[in-house]
Asks: 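I am attaching a structure below and will ask some questions about it afterwards.
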2 protein chains.
Amino acid sequence: MARTDLRPFFSSEHSAAAGRASVRLAEFAPFFGFEIDDPRLGEVAFPVRRIKAGESLVRAGDPFDAIYFVRCGFFKTVRVDEAGNEVVLALPMTGEAIGLDGLDPGHYTADVVALDTSLVAAVPFAQLAHLGRENASIERALFRAFSRALGREHSMICLLGTLSAEARVASFLLDLSDRFGRLGYSRTDFALRMTRQEIGSYLGLKLETVSRTFSALAASGAIGVDRKTITINDLAALQAIMQPKGEEPEMRPAPGAVRAQGAHRPSPRLAREARGRALAFA
Amino acid sequence: MARTDLRPFFSSEHSAAAGRASVRLAEFAPFFGFEIDDPRLGEVAFPVRRIKAGESLVRAGDPFDAIYFVRCGFFKTVRVDEAGNEVVLALPMTGEAIGLDGLDPGHYTADVVALDTSLVAAVPFAQLAHLGRENASIERALFRAFSRALGREHSMICLLGTLSAEARVASFLLDLSDRFGRLGYSRTDFALRMTRQEIGSYLGLKLETVSRTFSALAASGAIGVDRKTITINDLAALQAIMQPKGEEPEMRPAPGAVRAQGAHRPSPRLAREARGRALAFA
DNA sequence: CGACACATTGAACTTTATCAAGCCAGGTGG
DNA sequence: CCACCTGGCTTGATAAAGTTCAATGTGTCG
């Protein structure tokens, strides 16, 4: 793991290697919920890194210094735990931030590998924190980025903790569909960038199980599978897979009688609101 | 048998009224990695809430306003997903923060229920962020708290994605042991505050599986189980369970390796560093 | 004391992993 | 151009790990 990785044009501001070496904040901020209310702020520029499929953006153990904002492309983050197990922790794509979990330990905790040619803005954390101190919107967006990441992990834990293989795969496809959709791509037709093995690792399954589940879903007509191309034919069917029980209409306890000791009520369903790429943060 | 009682010695100083209504930052900050370099800062006080076992600190859907710092006690955070599955997401105890994931959606996403009589400091997020803007150490600690939470979730995802039931339970016990140890309690004898069902939910297992695994570990001599009391007899055995393969990774084992050192696994891995109450952030 | 919630244990059953072929598309080199 | 590799995918047969169902035990609390 001690592989000295020379990072291509990291701090090169002007050196226009193959392409541009930096982006202005104003160019990518909107995709991450940053509101730029001060025009000067928008002019702050950050180095850009271009990563080709198969290359690493960061490696586990590298000293933490920057957050990476994916401007376009697709990555996988892979952690190798102490037992030597490889786990795909996340599949970040355009509009998502990478590396937040490295702040506390002081080093990145996972390898981040591009699955497709990608562009990221490398924002030194110290600088970001500094900007945040001057601009409330930036600070807010930064906190929210952390919080959102946390929420995502929680969903993942629920998925791994409770869902069957079929439900996990359905959930995975719906998530991809949703994310592609938000970016303006088709919600029903897309190409997977990762192997069955990687999907399995991400979902806590073996690649054979993923393959079989794809086949089964295809046989049921819910989706079409051709190699790495997925077609979603019946969105509702996929969603239904995750409602295993005939959920009876739940009784809604009047919001006031909160004397509930011990037992936990069915609790008000927290609507999954659109937290998309939108900027708003009341 | 001595039920390790987390004595509420909280109000050591003044106003030992039955229910003191506030704590000064200086009193609990050190436990969370906050460095108080400005004495005036230490005087800032926050409301305290005392929660009895079985009561809820927050409920899913409640509007997000504060982060709760557990001063003493033990909680579970439970999410009920859209399918109606209950999942125990975390088991926060003394020295940990609760509610960080609620910032982005604007409401708490899980029920947080006390498993034991507990005391928490309720720190309004807005106020915390404001303090952070004036004091770099506070801000840093806040970011780190987010980052650390993220790291914890990642470990959880690895656990759920790759480990067998036995390894999950072993890992769970080691984690508890470690956490109790950090707080000054015995690392080898402690009382579980949660049911088998809750443990199972947390580990992605059924309660029967947890029970069976406890029994098996007890039969092997690694632990002792008496109802809710756990005794760890063989720490190394538990640790060994998580090294399923004779994984001889490429890290060359130093030729003249120390054998004396009580069979300490080759875990020069990113050692889980003392992230306890320590403050350092080089 | 009796009820009840929690825990343990057994046996049957399901789901997923494992092992083992075989297949297919794309790339390489003869 | 084709024959042939190769890496990834599919599919089948078994096995293993957990779940489910069910019965029984046990401490706690009213």
Side-chain angles (χ1 to χ4, degrees), chain A residues 53-54 76 85-88 113 115-116 159-172 191-220 223-230 241-242 244-245 260-264, chain B residues 1 3 52-54 76 85-88 113 115-116 159-172 191-220 223-230 241-242 244-245:
Chain A
K76 63 171 177 178
N85 301 311
E86 268 199 14
V87 192
V88 173
V113 181
L115 296 176
D116 200 353
L159 179 145
L160 293 169
T162 67
L163 301 188
S164 67
E166 189 184 35
R168 293 182 200 191
V169 170
S171 166
F172 170 72
L192 302 173
R193 322 272 145 129
M194 71 300 286
T195 66
R196 303 287 192 265
Q197 148 84 275
E198 287 159 344
I199 296 170
S201 174
Y202 181 59
L203 299 176
L205 303 169
K206 292 299 167 193
L207 77 168
E208 293 96 327
T209 305
V210 174
S211 179
R212 276 184 240 276
T213 308
F214 276 166
S215 299
L217 289 175
S220 82
I223 67 172
V225 181
D226 173 25
R227 205 81 180 147
K228 297 221 165 168
T229 305
I230 298 289
I241 289 172
M242 284 174 302
K245 293 290 183 181
Q261 262 261 98
H264 5 281
Chain B
M1 62 173 67
R3 186 189 207 76
K52 288 200 284 278
K76 64 171 178 180
N85 301 311
E86 268 197 17
V87 192
V88 173
V113 182
L115 297 176
D116 199 354
L159 178 145
L160 292 169
T162 67
L163 301 188
S164 67
E166 189 184 37
R168 292 182 200 192
V169 171
S171 165
F172 170 72
L192 302 173
R193 322 270 147 144
M194 71 300 287
T195 66
R196 302 288 191 265
Q197 147 85 273
E198 287 160 343
I199 296 170
S201 174
Y202 180 59
L203 298 176
L205 302 169
K206 293 300 168 194
L207 76 169
E208 293 95 330
T209 305
V210 174
S211 180
R212 276 185 241 276
T213 307
F214 276 166
S215 298
L217 289 175
S220 83
I223 66 172
V225 181
D226 174 25
R227 205 84 180 141
K228 298 220 164 166
T229 303
I230 298 289
I241 288 171
M242 284 174 303
K245 298 289 185 181

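Order of the sequence lines sets the chain letters (A, B, ...), proteins ahead of strands, with each chain counted from 1.
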Asks: Reckon A:Leu205 touches a base, only the sugar-phosphate, or nothing at all at heavy-atom distances under 4.0 Å?
Replies: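 The answer is sugar-phosphate, as A:Leu205 gets under 4.0 Å only of primed atoms, P, OP1 or OP2.
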Asks: Atom CG of A:Leu203 to atom P of C:dA17: distance rounded to whole Å?
Replies: 11 Å
Asks: Quick one: A:Leu207 CG to C:dC19 P, roughly how many Å, whole number?
Replies: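 One finds 13 Å between P of C:dC19 and CG of A:Leu207, rounded.
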Asks: Between B:Val210 and B:Gly200, which heavy-atom pair has the shortest distance, and what is it?
Replies: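 Taking every non-hydrogen atom into account, CG2-CA, 3.6 Å.
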Asks: Using a heavy-atom cut-off of 4.0 Å across all strands, would you classify B:Gly200 as base, sugar-phosphate, or nothing?
Replies: nothing
Asks: Check every atom of D:dT10, D:dG18, C:dA11 against the side chain of B:Arg212 and return the nucleotide holding the closest atom.
Replies: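 That would be C:dA11.
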Asks: Picking from D:dG8, D:dG18, D:dT10, which would you name as closest to the side chain of A:Val225?
Replies: D:dT10
Asks: Can you check the B:Glu166 CD to D:dA17 C1' distance for me, whole Å?
Replies: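 Result: 12 Å.
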Asks: Has B:Ser215 got a side-chain N or O lying under 4.0 Å from the OP1 or OP2 atom of C:dT9?
Replies: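 For B:Ser215, the contact criterion (side-chain N or O under 4.0 Å from OP1 or OP2 of C:dT9) is met.
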Asks: So which heavy atom on B:Ile241 is nearest to which on B:Ala167, and how close?
Replies: CG2-CA, 3.6 Å
Asks: Which nucleotide sits closest to the side chain of A:Glu208: C:dT18, C:dT16, C:dT8?
Replies: C:dT18
Asks: Looking only at side-chain atoms of A:Arg227, point me to the closest of C:dA25, D:dA13, D:dA22.
Replies: C:dA25
Asks: Can you measure B:Leu163 atom CG to D:dA17 atom P for me and round it to whole angstrom units?
Replies: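 From B:Leu163 CG to D:dA17 P: 14 Å.
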Asks: Could you give the CG-to-P distance, from B:Leu217 to C:dA7, as a whole number of Å?
Replies: 16 Å
Asks: Using a 4.5 Å cut-off on heavy atoms from C-beta on, say whether the side chain of B:Leu205 contacts that of B:Phe172.
Replies: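 No, too far: nothing below the 4.5 Å cut-off.
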Asks: Check the pair B:Lys228 / B:Thr195 against side chain to side chain contact (heavy atoms under 4.5 Å, CB included), numbers first and verdict last.
Replies: CA-CA 8 Å; B:Lys228 298 220 164 166; B:Thr195 66; 3.9 Å; yes
Asks: Starting at NZ of A:Lys206 and ending at P of D:dA17, how long is that distance when rounded to a whole Å?
Replies: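 Atom-to-atom, A:Lys206 to D:dA17, this comes out as 13 Å.
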Asks: Take the protein atom CG of B:Asp226 and the nucleotide atom C1' of C:dA7, then report the distance between them rounded to whole Å.
Replies: 11 Å
Asks: For D:dT10, does OP1 or OP2 lie under 4.0 Å from any side-chain N or O of A:Arg196?
Replies: yes
Asks: Would you mind classifying the nucleic acid contact of B:Thr209 as base, sugar-phosphate or nothing, using non-hydrogen atoms under 4.0 angstrom?
Replies: base
Asks: Measure from CZ on B:Phe214 to P on C:dC6 and round the result to the nearest Å.
Replies: 15 Å
Asks: Which nucleotide wins on minimum distance to the side chain of A:Lys228, given the candidates C:dC6, C:dA17, D:dC9?
Replies: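 Among the listed nucleotides, the one closest to the side chain of A:Lys228 is D:dC9.
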Asks: Could you go through the side chain to side chain contact (heavy atoms under 4.5 Å, CB included) check for B:Leu115 and B:Glu198 one step at a time?
Replies: CA-CA 11 Å; B:Leu115 297 176; B:Glu198 287 160 343; 4.1 Å; yes
